[in-house]
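Worksheet: the structure to be examined is printed underneath.
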Amino acid sequence: MAPKLPINISTFSKSQIREWINSFEVILTDCDGVLWLYNNILKNSNVVINRLLEMGKKVYFITNNSTKTRDELVEKAKTMNFNVGMEGMISTAYLAAQYLKQQNFNKKVYIVGSSGISKELDLVGLKHVGVGPDVMNGTIVSLVKEQFKPDPEIGAVIVGFDENFSFPKMMKAASYLNNPSTIFVATNTDERFPMPNFVVPGTGAIVKAIETCAERKAVVMGKPENWLCDIFFKEEIKRDSRKFLMIGDRLNTDILFGKKNNFQTLLVETGVHKIDKVQDIINQINNGDTDLDLANQVPDFYISSLGDLFNNYD
Ligand SMILES: [Mg+2]
């Protein structure tokens, strides 16, 4: 059966909005495109989040961004007056470190990524190399024969966002991954960053490049994959998944992640996807596309901006 268009929260009466807000206890919210865009807060999103916290809701900021540590993200949120602490901040760099810890990993990590990842590995006591520029210098022959000396200590490759991504990095990562026992972790697979007039490649483009030449698939930490829930919320979700609300601006990461876990889902239109994209997906389903991931991208609710959530609430 084709899914229905999501309900616009702004059409709720006072009693409906009150009843709806009472229906969830745990909020997982995406950051970029929901709370802020780069370094600019999205209007009133802090007021809404702080009010939900005051009401006793548990709020977790979950971001696919791997370039910052949790500390740095809390710092950023605090400068925008969000009352969030470390316990409410979950990033993919942190998840990658937790994942390796869960696997009892104790070797060294080759990172294609930034200091967001290396600092999180420092915090769990794992050695690493790879952060920073690694430019092509000479020929492929000299790279292979003279410059690259594989480190036998490397037992895992983590791939995240890397502005210094290069041919040597791709070659080194894939060479380490040629050993089937090397763990292959990707922070996320977002295709691009939202930016008007330009296409800024996201981590997904880098992950695909390495997966292609390594001829292997990475274990992906970020939404829509489920490591976050497996590591932190497994028991609570089993008890009552509808007490969870997932808020996001992307259908194929945030909403898909929420629906796969049977959470309530809210699309905000301040980031990547708007309601017309939901309509496109519903049309595709009506035209016979039976891909389950597609049906799971249709949110339950939407609102033009998170800052408007309490507009009709006393
Ligand atoms: Mg987002």
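FYI, the numbering just counts along the sequence from 1. Quantities reported herein were computed from a predicted structural model and do not represent experimental measurements. Each ligand, and each atom within it, is numbered from 1 in the order the structure gives.
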Is the side chain of D289 donor-acceptor paired with the backbone N or O of D291 at a distance under 3.5 Å, no angle test?
yes

Taking just the N, O or S atoms of [X], which one is nearest to the Mg ion (ligand 1)?
| X | value |
| --- | --- |
| D30 | OD2 |
| D249 | OD1 |
| D32 | O |

Is there a donor in the side chain of Q284 and an acceptor in the side chain of D280, or the other way round, less than 3.5 Å apart?
no

Does the side chain of Q147 pick up a donor-acceptor pair with the side chain of S142 at under 3.5 Å?
yes

With ring centroids as reference points, do F232 and Y60 lie under 6.0 angstrom apart?
no

